[in-house]
There are 2 protein chains.
Amino acid sequence: MRRVRAGKPSTPAGPGVSATLADVARGAGVSKTTASDALRGHGRVSDATRQAVLDAARRLGYSPNRSARSLRTSVTDTIALHIPEFLTSAEYYMAFVFGVAEQAARAGLNVTLVSSGRVPQVDGLILCDPMPDNPVVDQLMNAGLPVVTAETYGGDSRPSGVIWSDHGTSLTELLDHLRARGARRPVLIASDSTADWTLTLQQTYAHWCAEHGIPRLLRKAPFGAAPEVLRGLVGELLAGTPETDAIVCAADGAAAAVLPEIRSAGRVVGEDLLLASCVDSLAMRTAEPPITAIDLRPRHMGSECVRLLCALLAGEAPHGTTRTLAIDMVVRASTRA
Amino acid sequence: MRRVRAGKPSTPAGPGVSATLADVARGAGVSKTTASDALRGHGRVSDATRQAVLDAARRLGYSPNRSARSLRTSVTDTIALHIPEFLTSAEYYMAFVFGVAEQAARAGLNVTLVSSGRVPQVDGLILCDPMPDNPVVDQLMNAGLPVVTAETYGGDSRPSGVIWSDHGTSLTELLDHLRARGARRPVLIASDSTADWTLTLQQTYAHWCAEHGIPRLLRKAPFGAAPEVLRGLVGELLAGTPETDAIVCAADGAAAAVLPEIRSAGRVVGEDLLLASCVDSLAMRTAEPPITAIDLRPRHMGSECVRLLCALLAGEAPHGTTRTLAIDMVVRASTRA
DNA sequence: GCACCTTGCCGGAACGTTCCGGCACCTCGT
DNA sequence: ACGAGGTGCCGGAACGTTCCGGCAAGGTGC
């Protein structure tokens, strides 16, 4: 608990210790007010003085103390990020995190991870795939801070901003594609999570089936279900409903996981059984055959969330702003019969 | 840039605005010094007053302003986390991140992600899989802050602490296992990254081969190589060196990616060709057949890094402390011939 | 010459916390 | 009765920043 900074505050900043604004002011021969104004571009400062201050700052390696700044302005230049803990979707979330980190760095913001419900002292929050029954999400939602969610939130409170993708349209497109490839009995294997995304997929599927006079063949697996469970499900499905000619898996990675089961049921993916996934990932690309999937562009999703949050914080976007992120179907051999 | 907090500082804290220490002191009828002492457990305070302060704090929903505290003490209660951006190893890194986040939350620390080289104002850094040729890593290493690395660092500077796993012993164990299963020509497919982990694997393999009078059949693929590249590699390997009876893949996910290629070369994994991975993941578990792999326990790795960093910060561990994290080989059908 | 505005700069208070030093009171031992 | 030592509490300075208000010097119009 000892103080880290060196003793004499009048020395021109020891090694490893960042110079203070007063040091810069002294170095430029001006007052700290002027130094601050010059650096922030706020007050009225002549070009010559501004240049002198800038030089001094660079020479001394000045970087403003964030705590002091934040104490004074009550702006932390920090946003919090919460992601659900599902290692099954690791690739999606990881890409999302990098998208957030990159865009935040660009905007000069720090990103802090929040796992518990303890609301951190930040300027705003980003919640990825918020599920209404998650108490942590609930606390964060009602913390009185600006919140941007990735995908819509099914709960009561309204976030300040939302970035969402039109999964309904995408799934319809995917189902149409399967139909064009000859599929007449497509099955949707969805998860039972409370994420809005899952629900949209199920509704869209039901709607599409009704529209095409096709029986609803929905199967549900627990969110983050073990591959064995998924396989068992598919095994039963193919044995019990052999007329199944296409399978769409909602969960990340599920389609790749069930491939062996399909094969051992004597079906040939891409030939007499079409297979597709609602989430693209490395596993889809590397599967044999590669699996048609919807690219959710998680990295873009991450950076767009930060963009929107910044706009909200700057007052450039109204509370309740909702933006759409385009997503793409990627057709691969598994549906190219 | 407007101030967020409400106007009159004498009101007992408006809604949504955290109470200040002065509010608590007033609420408990003591001075702010006493309030601070009572909450921190520092000075000499009678039990009765301490209780009164604690009550007032709870009643007012007091939570100390981190900026003010940090400004005063120059302790930020925040650590920075850097992970290399390789989405192929998404599952490993994701688990690592959660391990860090969880343990940090337990220790009352914030975690901020750092992607650029800009050194954040934190108490310490955790660098996951630091590669010597990464400029960002370099800057962070030499920031003059306590650093804990996950896996040893191959560069010049010495981190304050290291958590590492004995990949050499594990790979030896794995190779011995393959040999016991009849393999006489095991091939190692390594990546050409500069991570210490990769180098250790290659050295261990070379050493093991020499010891057993087995030809060194090392193949290198770029780190994060596309699955097609890996497949091409394996295809050539099996065509050119048909006496290959076991393949060990270093890179995360690689073993699962090359499975189809092996199959289409007419080899049967687990029967006439053993396959194993140096990194366990969902893909290894769900592959058909499931693939023997080394479980690196990334989540533990994450939390152990935080533990060590905390110990270093508290002065409970000496600079340069190195700790080992046990890792396990998980035998599955792919080597159970 | 005066009134007035603009420009360039600065003093100093405030943000919320920690903690040094000090003061008043009480309890003993002598 | 008195000093020594302990206990319980507090005043106020300091951390580094921002920014309000003010002041002097120079310019402009009359």
Side-chain angles (χ1 to χ4, degrees), chain A residues 1-13 17-53 57 60-77 121, chain B residues 1-13 17-53 57 60-77 121:
Chain A
M1 286 303 156
R2 293 187 47 72
R3 299 292 317 285
V4 172
R5 296 183 57 94
K8 316 194 195 115
S10 49
T11 52
V17 173
S18 177
T20 137
L21 185 62
D23 296 330
V24 174
R26 206 173 312 124
V30 296
S31 77
K32 62 190 165 63
T33 302
T34 305
S36 174
D37 284 348
L39 291 170
R40 294 272 86 69
H42 263 181
R44 291 174 300 203
V45 185
S46 72
D47 284 348
T49 343
R50 160 160 298 121
Q51 211 33 255
V53 170
L60 298 172
Y62 171 71
S63 98
N65 182 311
R66 291 185 100 102
S67 301
R69 162 129 63 171
S70 150
L71 174 60
R72 183 67 237 263
T73 62
S74 61
V75 166
T76 60
D77 282 339
Q121 289 172 8
Chain B
M1 286 302 157
R2 292 188 47 73
R3 301 292 316 288
V4 172
R5 297 183 56 93
K8 317 195 193 108
S10 49
T11 53
V17 174
S18 177
T20 139
L21 186 62
D23 295 331
V24 174
R26 208 172 312 123
V30 296
S31 76
K32 61 189 165 66
T33 302
T34 305
S36 175
D37 284 348
L39 290 170
R40 294 272 87 69
H42 264 182
R44 290 174 301 204
V45 184
S46 73
D47 284 349
T49 349
R50 160 160 295 123
Q51 211 32 254
V53 170
L60 297 172
Y62 171 71
S63 99
N65 182 312
R66 290 185 100 103
S67 303
R69 159 129 65 172
S70 150
L71 174 59
R72 183 65 235 266
T73 62
S74 60
V75 166
T76 60
D77 282 340
Q121 289 173 7

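All values derive from a computational prediction rather than experimental measurement. Below, read A as the first sequence line, B as the second, and so on, with proteins coming before strands; counting in each chain starts at 1.
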Spacing between B:Leu21 atom CG and C:dT17 atom P, to the nearest angstrom | 5 Å
Sorted by chain and number, sequence neighbours left out, side chain to side chain donor-acceptor pair (under 3.5 Å) with A:Ser63 holds for none
Think B:Thr20 has a side-chain N or O under 4.0 angstrom from the OP1 or OP2 of C:dT17?
-> yes
Distance, rounded to the nearest Å, where B:Arg66 contributes CZ and C:dC15 contributes C1' | 18 Å
Rounded distance (Å) that lies between atom P of D:dT7 and atom NE2 of B:His42 | 18 Å
Euclidean distance, atom CZ of residue A:Arg40 to atom P of D:dT17 [Å, nearest integer] | 9 Å
Looking only at heavy atoms, which two atoms of A:Ala19 and A:Tyr62 are closest? And how far apart?
-> O-CD1, 3.1 Å
A:Thr34 side chain to A:Val30 backbone, donor-acceptor under 3.5 Å | no
Are any side-chain N or O atoms of B:Gln121 and backbone N or O atoms of B:Thr76, one a donor and one an acceptor, separated by less than 3.5 Å?
-> no
Please check if the side chain of B:Ser36 supplies one atom and the backbone of B:Lys32 the other of a donor-acceptor pair under 3.5 Å.
-> no
Please give, in whole Å, the distance from D:dA14 C1' to B:Leu71 CG?
-> 9 Å
What string of B, S and - do you get for nucleotides 5-11 of chain C 5' to 3' if you count protein non-hydrogen atoms under 4.0 Å?
-> --BBBBB
Between B:Ala68 and A:Leu71 the two heavy atoms that sit nearest each other are CB-CD1, 3.7 Å
Intra- and inter-strand pairing of DNA chain C, written as dot-bracket with Watson-Crick and G-U pairs under 3.5 Å and | for the latter, reads ||||||||||||||||||||||||||||||
Is there side-chain contact between B:Asn65 and B:Leu21, with at least one heavy-atom pair below 4.5 Å?
-> no
Using whole Å, report how far CD of B:Gln121 lies from C1' of D:dG16.
-> 11 Å
Can you find a pair of side-chain heavy atoms, one from A:Leu39 and one from A:Asp37, that are under 4.5 Å apart?
-> no
